[in-house]
*Asks:* 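Pasting a structure below so you can have a look.
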Amino acid sequence: MQSSYISTLSWTSASLNAIPRIQTEITKATTEVSTGRLADVGLTLGVRTSHSVDLRTEKNSLQGLVDGNSLIDAMTTRTQSALSAMTTTSNAFLENLLSGQATAGTAPQLETEARAALSSFSSALNSTDGTRYVFGGVNSSVEPMKDYETTASAAVDAAFAAKFGITTTPPQSDPKVAEITATQMQDFLDNEFADLFSDPAWGTNWSNASDEAITKQISPTERATVSVSANDQAMRKLTMAFTMVGYLGVQNLNSNALQAVMDTARTAVTEGVTGMTAAAASIGVTQTRVKAATTQMQGTLDVVNSRISTLEGVDTAEAKTRLDALTNQLSMSYSTTSTLMSLSILNYA
């Protein structure tokens, strides 16, 4: 009689070897159930993997542009709001200039209103969308407009004093101011004073902004200018008008010199408001372009996502059924292995 060879190790090896394979399959099935995507895209798709990579690259590029357009929308909306506020301030000031003849009696009030308008105007130019100063141009990390009292005030006073030979501080309070003729004042406004609002004095005394406005890619094929610089000529004109009425001592001027200031201020405000209206219209066009580009890209994204889903997607219900079956197999393997490992030679009768 010949006995058969019996080995507990040979009995248990099959079950033990199956456990890692089942665990790997469970991990894959769990991933597919939770993500709805193939656990190993490259292994499953093979040569079609490059197509999947290309689609995902396109998706990421489009999504980046869509997300960027959201930031552009916030920036242009804040810009429009600030332009609207500045236009309101400027129009109110212009209305006061046009409402009546400037006299020694009305000059103090106009001076006060001009100073308030300059403060409000500068504050609006220093608007931020939460991440950048919207009127800073490409130099958007610092406030575009400098504080008048800190920088520009000294330059204005120095130019005024030098022009009219005044040594008093501040020069606008000197009694000699009343002797300035309309011709002298007009010459000062057209030359020395105007130079303060041209380069390089503008950058030295008034503005930290860059002349270059911000441009952004709004679609794969389009770029757009999405900001207005505080260095725009409209901003300079309005700043000049508020300053000449607010800080040239209008209440101390004689009627002829005062009229020269008011006439020049009216012209500057009118030109400034016209320029701001044009800037607002330009930003409005950009907003329309951004909205249209975003809508188009969202449509393309839907198509790309559908194609990715067709390539990489899985039936989550089927994956869940497979996961349950694998879990049961693993449990049975553990149970079988445990039973076999508990056997000894004494059990073989």
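No hydrogens, no waters, no symmetry mates; every other heavy atom, side chains included, goes into these values.
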*Asks:* Give me each pair satisfying ring pair (Phe, Tyr, Trp, His ring centres under 6.0 Å) with a member in residues 260-303, each pair once, sequence neighbours excluded.
*Replies:* none
*Asks:* Measure the shortest side-chain to side-chain distance between Thr181 and Asn256 over non-hydrogen atoms and say whether it is less than 4.5 angstrom.
*Replies:* no
*Asks:* What heavy-atom pair brings Ser229 and Ala209 nearest, and what distance separates the two atoms?
*Replies:* OG-CB, 4.0 Å
*Asks:* So, does Arg78 use its side chain to make a donor-acceptor pair with the main chain of Ser127 at under 3.5 Å?
*Replies:* no
*Asks:* Mind jotting down which residue pairs meet the salt bridge (Lys or Arg N to Asp or Glu O under 4.0 Å) criterion with at least one end in residues 177-186? Sequence neighbours excluded, please.
*Replies:* none
*Asks:* Any heavy-atom pair between the side chains of Thr87 and Asn91 that's under 4.5 Å?
*Replies:* yes
*Asks:* For the NZ atom of Lys146 and the CH2 atom of Trp202, what is their distance to the nearest 0.5 Å?
*Replies:* 10.5 Å
*Asks:* I need the full list of ring pair (Phe, Tyr, Trp, His ring centres under 6.0 Å) pairs touching residues 147-182, with sequence neighbours left out, sorted by first then second residue.
*Replies:* Tyr148-Trp206, Tyr148-Tyr247, Phe160-Phe164, Phe160-Phe188, Phe164-Phe188
*Asks:* Compare all side-chain heavy atoms of Asp157 with those of Gln172 and state whether any distance is below 4.5 angstrom.
*Replies:* yes
*Asks:* To check you understand the geometry: which heavy-atom pair defines the closest contact between Arg266 and Asp263, and what is its length?
*Replies:* NH1-OD1, 2.6 Å
*Asks:* So, using salt bridge (Lys or Arg N to Asp or Glu O under 4.0 Å) as the criterion, who are the partners of Arg289 when residues are at least two apart?
*Replies:* Glu222
*Asks:* Using side-chain heavy atoms (C-beta onward) and a distance below 4.5 Å, is Tyr133 in contact with Asn208?
*Replies:* no
*Asks:* Taking Ser61 for the side chain and Thr57 for the main chain, is one N or O donor matched with an acceptor at less than 3.5 Å?
*Replies:* no
*Asks:* Are Leu83 and Val285 grouped together when hydrophobic residues (ILVMFWY) are joined by side-chain heavy atoms under 4.5 angstrom apart?
*Replies:* no
*Asks:* If we check side-chain hydrogen bond (donor to acceptor under 3.5 Å, both in side chains) with Ser207, which of these qualifies: Asn139, Asn231, Thr151?
*Replies:* Asn231
*Asks:* To the nearest 0.5 Å, tell me how far Thr286 OG1 sits from Arg223 CZ.
*Replies:* 12.0 Å
*Asks:* Could you work out, with side-chain hydrogen bond (donor to acceptor under 3.5 Å, both in side chains) as the rule, every residue matching Asp302, not counting sequence neighbours?
*Replies:* none
*Asks:* By salt bridge (Lys or Arg N to Asp or Glu O under 4.0 Å), which residues pair with Asp147, not counting sequence neighbours?
*Replies:* none
*Asks:* Give, for atom CE of Met235 and atom OG of Ser122, the distance between the pair rounded to the nearest 0.5 Å.
*Replies:* 11.5 Å
*Asks:* So do Pro220 and Met297 actually touch side chain to side chain, heavy atoms under 4.5 Å?
*Replies:* yes
*Asks:* CD/Glu111 to OG1/Thr106 distance, rounded to the nearest 0.5 angstrom?
*Replies:* 11.5 Å
*Asks:* Are the side chain of Ser84 and the backbone of Gln80 linked by a donor-acceptor contact shorter than 3.5 Å?
*Replies:* no
*Asks:* Side chains of Phe135 and Met86: does their closest heavy-atom pair fall under 4.5 Å?
*Replies:* yes
*Asks:* For Leu253 and Val261, what are the C-alpha separation, side-chain angles and deciding distance, and is it a side chain to side chain contact (heavy atoms under 4.5 Å, CB included)?
*Replies:* CA-CA 10 Å; Leu253 295 172; Val261 171; 3.8 Å; yes
*Asks:* Rounded to the nearest 0.5 Å, how far does CG of Leu118 lie from OG1 of Thr243?
*Replies:* 4.5 Å
*Asks:* Is there a path from Met240 to Leu98 through hydrophobic residues (I, L, V, M, F, W, Y) whose side chains come within less than 4.5 Å of each other?
*Replies:* yes
*Asks:* Please name the pair of heavy atoms, one in Ile180 and one in Gln184, separated by the smallest distance, quoted to 0.1 Å.
*Replies:* CA-OE1, 3.5 Å
*Asks:* Tell me every residue that passes side-chain hydrogen bond (donor to acceptor under 3.5 Å, both in side chains) with Asn205, counting only those two or more places apart in sequence or in another chain.
*Replies:* none
*Asks:* Among residues two or more places apart or on two chains, list those pairs meeting salt bridge (Lys or Arg N to Asp or Glu O under 4.0 Å) that have a residue in residues 125-143.
*Replies:* Asp129-Arg132
*Asks:* For Leu189 and Met185, what are the C-alpha separation, side-chain angles and deciding distance, and is it a side chain to side chain contact (heavy atoms under 4.5 Å, CB included)?
*Replies:* CA-CA 6 Å; Leu189 294 176; Met185 177 56 72; 4.0 Å; yes
*Asks:* With sequence neighbours excluded, what pairs up with Arg115 under the side-chain hydrogen bond (donor to acceptor under 3.5 Å, both in side chains) test?
*Replies:* none
*Asks:* Run through Thr167, Thr168, Asn252, Thr169 and flag the one making a side-chain hydrogen bond (donor to acceptor under 3.5 Å, both in side chains) with Asp174.
*Replies:* Thr168
*Asks:* Where is the tightest heavy-atom contact between Ser227 and Gly137, given as atom of each residue plus distance?
*Replies:* OG-CA, 4.4 Å
*Asks:* Is Leu71 linked to Val226 within one hydrophobic cluster, defined over Ile, Leu, Val, Met, Phe, Trp and Tyr using a side-chain heavy-atom separation of less than 4.5 Å?
*Replies:* no
*Asks:* Do Ile218 and Ile72 make a side-chain contact, defined as non-hydrogen atoms from C-beta onward lying under 4.5 Å apart?
*Replies:* yes
*Asks:* Out of Glu271, Met276, Gln233, which one pairs with Leu238 under the side chain to side chain contact (heavy atoms under 4.5 Å, CB included) rule?
*Replies:* Met276
*Asks:* In chain order, what residues pass the side-chain hydrogen bond (donor to acceptor under 3.5 Å, both in side chains) check against Glu113, with sequence neighbours excluded?
*Replies:* Asn96, Gln109
*Asks:* Applying ring pair (Phe, Tyr, Trp, His ring centres under 6.0 Å), can you list everything that pairs with Phe93, at least two apart in sequence or on another chain?
*Replies:* Phe242
*Asks:* For residues 185-200, which residue pairs pass the salt bridge (Lys or Arg N to Asp or Glu O under 4.0 Å) check, not counting sequence neighbours?
*Replies:* Lys163-Asp187, Lys163-Glu192, Asp199-Arg236
*Asks:* Which heavy-atom pair separates Asn69 from Ala293 by the least distance, and what is that distance?
*Replies:* ND2-CB, 4.4 Å
*Asks:* Can you name the nearest heavy-atom pair linking Ala241 to Val269, along with the distance?
*Replies:* CB-CG2, 3.4 Å
*Asks:* Let me confirm one number: the OG-CE distance from Ser123 to Met145, rounded to the nearest 0.5 Å.
*Replies:* 11.0 Å
*Asks:* Within the structure provided, determine whether Gln287 and Thr77 are in side-chain contact (heavy-atom separation under 4.5 Å).
*Replies:* yes
